[in-house]
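Bear in mind the structure is a predicted one, so any value in this text is a computation, not a measurement.
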Amino acid sequence: MITTNNQNAMRLQLLSNIKTQIALHLNEKNEVSNIVGRSDYTIDELPGRGLFKIEEPTLFQMALPNNGDEAIEIIKNNQDEAERMTESWTGEKPKCIPMVPETLSFTHFITHMETEKMLKIKSVLPIGIEYEYASPVGISLEQHNLAVIMPTVELVQQIITNSSHLLIKKELRELVIFDTPSMELMKLKELPLTYITNSERVEGKVDILYGAFKTAEKAYLEELQSNNSTTKEEYFKNMPPIVVVIYSAVQLYNQLSSTAQNQLLEMLKSDGKMGVQFIIGNDLGSMAKEYSSIGDIIRSSKQVLLGARFADQAIYSPTIRIVQEKPLAPQELYLLLEGNAEKLKIPKG
């Protein structure tokens, strides 16, 4: 085994199953000891210089496949040769070591094999990539509505835009976008969905959605009378859902009539389990100051994408306290699911 970078990028199971272990120069000296064991040798920062272990660690010089005056030039020549070898090879190729890219593009994310699998599952919406196995993670709108709480409206827009482009690939009865009158999500109008910004039209659509919601609820209760063991998940399993995306939930709610507010709240309280599912977006600042019923609903959400450190806000708390919590890097956020927190990297469109 040869490693020239951080060993944390390699899975522990992979390291433990390799008999001949080789380490080139690494960023941390203790990582060399973790791979080949303790020794009195130190690896000079020279191309090809390293340690390998048979019985005892032994210093050696690896023959380099390409020449170059500088390490960067050698690496570039190696990469070019690897690309030529890949192009000429017609047999089966091994899978790449999974790593979270520095910048995760939406194209890279949507073409990932695991993302494509999730898109074929009715209830799962791919969100981002987790760090332990560098694998896509999805959320289930059948289990809970999704609250998207970000420090800026731009981040809320980004996640809603990504989610909308993924949702149109699924079998839905309808995808509805409620935008603000300033139409920040205007580009989504080009997609096959229902896009509404006008307050009166929003109220009209809420009333229509509420009617569909109550019809589904009545049908389920009738089914329950004939078969009292039927769960909501089983009853709605083969029915395409309606997904409603609200860009600025606090602003929209406060512009609605009391009737529309009550209808919206009743649908939200079903938590996606009556065939009408919600993604509710809002910026953290206005959310923290909102103490109306919509604020209570968002604060009680069991499935949340949070774009701030837990230490920097007072709305959500993980079940397990995060000690010495680090600042979030660009494209990082937390997925908070029933109190369990996981850090993800989300794609950038």
For a 4.5 angstrom cut-off between non-hydrogen side-chain atoms, does [X] reach [Y]?
{"X": "Leu305", "Y": "Tyr334", "value": "no"}
{"X": "Leu125", "Y": "Met118", "value": "no"}
{"X": "Tyr291", "Y": "Arg299", "value": "yes"}
{"X": "Glu174", "Y": "Val243", "value": "no"}
{"X": "Pro181", "Y": "Asn198", "value": "no"}
{"X": "Asn282", "Y": "Val148", "value": "no"}
{"X": "Ile196", "Y": "Asp179", "value": "no"}
{"X": "Ser140", "Y": "Glu233", "value": "no"}

If you look at every heavy atom in [X] and [Y], which pair is closest and at what distance?
{"X": "Leu306", "Y": "Met150", "answer": "C-CE, 3.7 Å"}
{"X": "Ala260", "Y": "Val206", "answer": "O-CG1, 3.8 Å"}
{"X": "Pro136", "Y": "Phe109", "answer": "CB-CE1, 4.0 Å"}
{"X": "Pro151", "Y": "Leu284", "answer": "CA-CB, 4.1 Å"}
{"X": "Tyr247", "Y": "Ile160", "answer": "CA-CD1, 3.5 Å"}
{"X": "Pro240", "Y": "Arg173", "answer": "O-NE, 2.9 Å"}

May I ask you to decide if [Y]'s main-chain N or O and [X]'s side chain share a donor-acceptor pair within less than 3.5 Å?
{"X": "Lys170", "Y": "Val124", "result": "yes"}
{"X": "Glu234", "Y": "Thr231", "result": "yes"}
{"X": "Glu325", "Y": "Ala311", "result": "yes"}
{"X": "Thr86", "Y": "Ala82", "result": "yes"}
{"X": "Gln255", "Y": "Leu252", "result": "no"}
{"X": "Glu332", "Y": "Ala329", "result": "yes"}
{"X": "Gln331", "Y": "Leu104", "result": "yes"}
{"X": "Thr115", "Y": "Ile110", "result": "no"}

### Query
In terms of ring plane angle, is the pair His108 and His112 parallel, tilted or perpendicular, where the classes change at 30° and 60°?
perpendicular

Is the shortest side-chain N to carboxylate O distance from [X] to [Y] below 4.0 Å?
{"X": "Lys117", "Y": "Glu114", "answer": "yes"}
{"X": "Lys232", "Y": "Glu142", "answer": "no"}
{"X": "Lys76", "Y": "Asp80", "answer": "yes"}

- Checking side-chain contact (heavy atoms from CB on, under 4.5 Å) for the pair Ser163/Leu166: CA distance, chi angles, key distance, verdict? CA-CA 5 Å; Ser163 299; Leu166 292 167; 5.7 Å; no

**Prompt:** Between Leu256 and Val202, does a side-chain contact (heavy atoms from CB on, under 4.5 Å) hold up when you go through it step by step?
**Reply:** CA-CA 8 Å; Leu256 297 176; Val202 169; 3.9 Å; yes

What's the separation between atom [atom1] in [X] and atom [atom2] in [Y], rounded to the nearest 0.5 Å?
{"X": "Leu337", "Y": "Ser301", "atom1": "CG", "atom2": "OG", "answer": "11.5 Å"}
{"X": "Gln158", "Y": "Phe106", "atom1": "CD", "atom2": "CZ", "answer": "10.5 Å"}
{"X": "Leu185", "Y": "Thr180", "atom1": "CG", "atom2": "OG1", "answer": "7.0 Å"}
{"X": "Tyr253", "Y": "Ser293", "atom1": "OH", "atom2": "OG", "answer": "4.0 Å"}
{"X": "Glu203", "Y": "Glu200", "atom1": "CD", "atom2": "CD", "answer": "7.5 Å"}
{"X": "Leu264", "Y": "Leu209", "atom1": "CG", "atom2": "CG", "answer": "9.0 Å"}

Within one Ile-Leu-Val-Met-Phe-Trp-Tyr cluster: [X] and [Y], side-chain cutoff 4.5 Å:
{"X": "Leu155", "Y": "Val250", "value": "no"}
{"X": "Ile121", "Y": "Met113", "value": "no"}
{"X": "Val304", "Y": "Ile322", "value": "yes"}
{"X": "Leu335", "Y": "Tyr131", "value": "yes"}
{"X": "Phe213", "Y": "Leu224", "value": "yes"}

request  = Could you give me the CA-CA distance, side-chain angles and deciding distance for Leu172 and Leu167, then say whether side-chain contact (heavy atoms from CB on, under 4.5 Å) is met?
outcome  = CA-CA 8 Å; Leu172 305 176; Leu167 284 166; 4.2 Å; yes

| said: So for atom CD1, which belongs to Ile72, do other residues, nucleotides or ligands contribute more than 12 heavy atoms lying within a distance under 6.0 Å? | reply: no

Checklist entry - Should we count CD of Glu154 as having more than 12 external heavy atoms under 6.0 Å? => result yes

Would you list the atom pairs, donor with acceptor, under 3.5 Å between side chains in residues 61-68 and any protein atom, with sequence neighbours excluded?
from, atom 1, to, atom 2, distance (Å)
Gln61, OE1, Arg49, NE, 2.8
Gln61, OE1, Arg49, NH2, 3.4
Gln61, NE2, Pro47, O, 3.0
Asn66, ND2, Asn78, OD1, 2.9
Asn66, ND2, Glu81, OE1, 2.8

Item to complete: Under the salt bridge (charged side-chain N to carboxylate O under 4.0 Å, His left out) rule, what do Glu266 and Lys214 come out as? Steps first, then yes or no, please.
Response: CA-CA 10 Å; Glu266 186 176 342; Lys214 297 303 285 185; 3.0 Å; yes

Distance-only donor-acceptor hits, side chain of residues 268-281, under 3.5 Å, sequence neighbours excluded:
from, atom 1, to, atom 2, distance (Å)
Ser270, OG, Met267, O, 2.7
Asp271, OD1, Asn145, N, 2.9
Asp271, OD2, His144, ND1, 2.7
Lys273, NZ, Gln143, O, 2.3

Paired with Tyr195, the side-chain contact (heavy atoms from CB on, under 4.5 Å) test is passed by just one of Ile177, Val176, Val245, Leu175, namely Ile177

Evaluate side-chain contact (heavy atoms from CB on, under 4.5 Å) for Gln79 paired with Ile75, printing each intermediate quantity in order. CA-CA 6 Å; Gln79 290 173 335; Ile75 292 171; 3.9 Å; yes

Considering only distance and modelled atom types, tabulate donor-acceptor pairs under 3.5 Å from the side chains of residues 340-349, sequence neighbours left out.
from, atom 1, to, atom 2, distance (Å)
Lys345, NZ, Pro101, O, 3.2
Lys345, NZ, Glu102, O, 2.5

